[in-house]
Amino acid sequence: MKTIDNLNFNGLRAIIRVDFNVPLDENRNITDFTRIDAAIPTIKKILNDGGMAILMSHLGRPKEGPEEKYSLKHLVPALSERLGREVKFASDCIGEVPRRMAAAMKNGEVMLLENLRFHKEETKGNRNFASELAALADVYVNDAFGTAHRAHASTTIIAGFFANDKYFGYVMANELTHINNVLKAPKRPFTAILGGAKVSGKIEIIKNLLDKVDNLIIGGGMMFTFIKAQGGDTGSSLLEEELIDTARQAIAQAKEKGVELIIPTDAIIADKFDNDANRKTVPAGKIPSEWMGLDIGPESRQRFAEVIGKSKTILWNGPMGVFEMENFAEGTRFIAEKIAEATAKGAYSLIGGGDSVAAINKYGLADSVSYVSTGGGAMLEYIEGKELPGVKAIEE
Ligand code: AMP
């Protein structure tokens, strides 16, 4: 892998695509520093070599041009503190201002460019825009795994302006190494656990995983499409009618390939989508018409726990129930704990996807699993077997 360890950056200007898309509160205070912290080792390596670091990122989803609340200037104090040096801020990412500032930089200096998405050319993957960014530096470094599945100007197109002078930063390299560990040489048994709301977004992943795993556990809202496919009654639970056939095919394929497909046998149901709804536990295929399943039941939890306990590699994406509501969080919490226990016994566990990461953080277990992926969408596309444009652009 072509990482920044392959180059001494002394005297070189590096433009680094980082993922500084951090959450801010209404007073523009950063509420979670994970993404900033993650980028620090890459920046430090370049500065310690005697290089110059020009940082670029997006923040939020600005609609039309600049918006104060999405300005990256709010990140300057936190960044400066972590790097132990002044961070200069360019009020735009292209044009005269960054050009002049980049030209004036000295070895060991850092500059942060304003939000890339203040220009719509960024997400459009515009070549001229990418070339203006590229003109600021001698070397391009991509360290933004979270946007690697997008062919944007700063994540992909810009790489074309650096024939050989393009590298992966440490965040990227780490993510790819960890996901490859799981996909290319997993220790067996290998168990994947999929949950979340929709099957539609995950059907390609299911197909791809059937060729790789020994056990595939299905939970969350998507379980009901599978239960329906087995002939069960799912009441008013989440259901994707048009995917019932696809679920049936997945069940058949699993059998052919010798993969154990584990679908919940019981569910916690509610008479409305509310934490204070009336609740009961029923067999998963016997949900009365006015009721909806919002979590897996105790029997399913035990069955899942048994499988997880015997696994040597575990991949988890998507909550088991509506974990945002305390009364329907037990399945998700339980599974998170079992994954942590299996990890303590030597299993390798990879957690990815926004909501499973939120769950693992909520239960304080982020340090008890092997790796928490920072890029939900990018990780899923990679697992699906798709080539990530941001990765390909560095490799080719
Ligand atoms: P996803 O974005 O597909 O990973 O879905 C995550 C969401 O799925 C979370 O917000 C959960 O509340 C939701 N979810 C999980 N289980 C259920 C369920 N049984 N019914 C409805 N939503 C669910």
Side-chain angles (χ1 to χ4, degrees), residues 146 149 192-206 209 216-230 232-244 246-247 250 262-301 304 315-336 339 350-363 372-384:
H149 57 318
I193 308 158
L194 293 183
K198 288 195 186 155
V199 194
S200 47
K202 292 184 181 152
I203 204 78
E204 291 304 321
I205 304 170
I206 292 177
L209 284 174
L216 180 57
I217 293 177
I218 305 280
M222 66 194 287
M223 71 192 238
F224 301 104
T225 306
F226 281 85
I227 289 164
K228 194 79 177 182
Q230 293 173 315
D233 290 323
T234 56
S236 39
S237 307
L238 208 63
L239 183 70
E240 287 181 273
E241 297 272 3
E242 65 291 356
L243 291 173
I244 296 173
T246 315
I262 302 148
I263 298 165
T265 50
D266 60 349
I268 298 176
I269 61 171
D271 58 356
K272 56 181 174 194
F273 192 80
D274 189 333
N275 190 44
D276 300 323
N278 291 308
R279 266 177 295 152
K280 49 187 179 182
T281 302
V282 297
K286 292 202 169 124
I287 302 178
S289 58
E290 301 298 301
W291 292 65
M292 63 188 90
L294 296 184
D295 198 5
I296 56 171
E299 186 181 275
S300 310
R301 285 203 295 266
F304 290 9
L315 170 68
W316 181 31
N317 171 268
M320 297 292 99
V322 184
F323 78 108
E324 298 91 338
M325 296 184 199
E326 203 37 50
N327 285 333
F328 305 101
E330 189 50 28
T332 303
R333 183 193 349 255
F334 190 81
I335 291 320
I339 295 173
L350 172 62
I351 319 297
D355 283 301
S356 5
V357 174
I360 212 94
N361 285 332
K362 183 170 168 183
Y363 305 129
V372 179
S373 175
T374 55
M379 185 187 105
L380 292 183
E381 290 200 12
Y382 197 66
I383 290 171
E384 268 173 50

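Whatever order the structure lists them in is the order used to number ligands and atoms, beginning at 1.
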Visitor: For atom 19 (N) of ligand 1, tell me which residue out of Gly293, Gly196, Ser237 has the closest non-hydrogen atom.
Guide: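 Comparing heavy atoms across Gly293, Gly196, Ser237, the nearest one to atom 19 (N) of ligand 1 lies in Gly293.
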Visitor: Counting heavy atoms not belonging to Lys362, are there more than 12 under 6.0 Å from its NZ?
Guide: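 Yes, the 6.0 Å shell around NZ holds more than 12 heavy atoms from other groups.
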Visitor: Among Leu239, Asp295, Ile268, Val322, which residue places a heavy atom closest to atom 23 (C) of ligand 1?
Guide: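 It is Val322 whose heavy atom sits nearest to atom 23 (C) of ligand 1.
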Visitor: Do me a favour and list the nearest non-hydrogen protein atom to atom 2 (O) of ligand 1 with residue, atom name and distance?
Guide: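 Looking only at protein heavy atoms, the one closest to atom 2 (O) of ligand 1 is Asp355 OD2, 3.5 Å.
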Visitor: When you compare ligand 1 with Ala197, is there at least one nitrogen or oxygen pair between them that comes in under 3.5 angstrom?
Guide: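 Yes: some nitrogen or oxygen of Ala197 is under 3.5 Å from one in ligand 1.
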Visitor: Can you name the atoms of ligand 1, numbered from 1 with element, that are less than 4.0 Å from a heavy atom of Phe224?
Guide: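 Listed by number with element: 19 (N).
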Visitor: Side chain to side chain contact (heavy atoms under 4.5 Å, CB included) between Trp316 and Thr332: does it pass, once the steps are laid out?
Guide: CA-CA 11 Å; Trp316 181 31; Thr332 303; 3.9 Å; yes
Visitor: Quick test: of every protein heavy atom, which one is nearest to atom 15 (C) of ligand 1, and how far off is it to 0.1 Å?
Guide: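 Ranked first by proximity to atom 15 (C) of ligand 1 is Gly321 O, 3.1 Å.
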Visitor: Does an N or O from Gly221, backbone or side chain, lie closer than 3.5 Å to an N or O of ligand 1?
Guide: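 Yes, at least one N or O pair falls under 3.5 Å.
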Visitor: Please state which part of Glu324 comes within less than 4.0 Å of ligand 1, counting heavy atoms only: side chain, backbone, both or neither.
Guide: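 Side chain only.
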Visitor: Considering only heavy atoms from C-beta outward, does the side chain of Glu240 approach that of Thr246 to under 4.5 Å?
Guide: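 Result no, sub-4.5 Å side-chain heavy-atom pair not found.
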Visitor: One thing to verify: whether Glu326 and Arg333 come together as a salt bridge, which I'm taking to mean a side-chain N less than 4.0 angstrom from a carboxylate O.
Guide: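 Salt bridge between Arg333 and Glu326, a charged N being under 4.0 Å from a carboxylate O: yes.
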Visitor: Could you tell me whether ligand 1 has any atom less than 4.0 Å away from a heavy atom of Lys202?
Guide: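 Yes; Lys202 lies near enough to ligand 1 that a heavy-atom distance drops under 4.0 Å.
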Visitor: Heavy-atom count around Glu290 CD within 6.0 Å, excluding the residue itself: above 12?
Guide: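 Count not over threshold, so no.
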Visitor: Given 3.5 Å as the limit, does a donor-acceptor pair link the side chain of Ser236 with the main chain of Trp291, or not?
Guide: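 A pair under 3.5 Å: yes.
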Visitor: Side chains of Thr265 and Glu299: donor-acceptor distance under 3.5 Å anywhere?
Guide: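 There is such a pair between these side chains.
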Visitor: Considering non-hydrogen atoms only, spot the tightest contact between Ser373 and Met379 and give its length.
Guide: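 Distance-wise, the nearest heavy atoms are CB-SD, 3.4 Å.
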Visitor: Phe328 near ligand 1, heavy-atom distance under 4.0 Å?
Guide: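 No; Phe328 lies far enough from ligand 1 that no heavy-atom distance drops under 4.0 Å.
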Visitor: Of the backbone atoms (N, CA, C, O) and the side-chain heavy atoms from C-beta on, which set of Met223 has a member under 4.0 Å from an atom of ligand 1: side chain, backbone, both, or neither?
Guide: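 Neither part.
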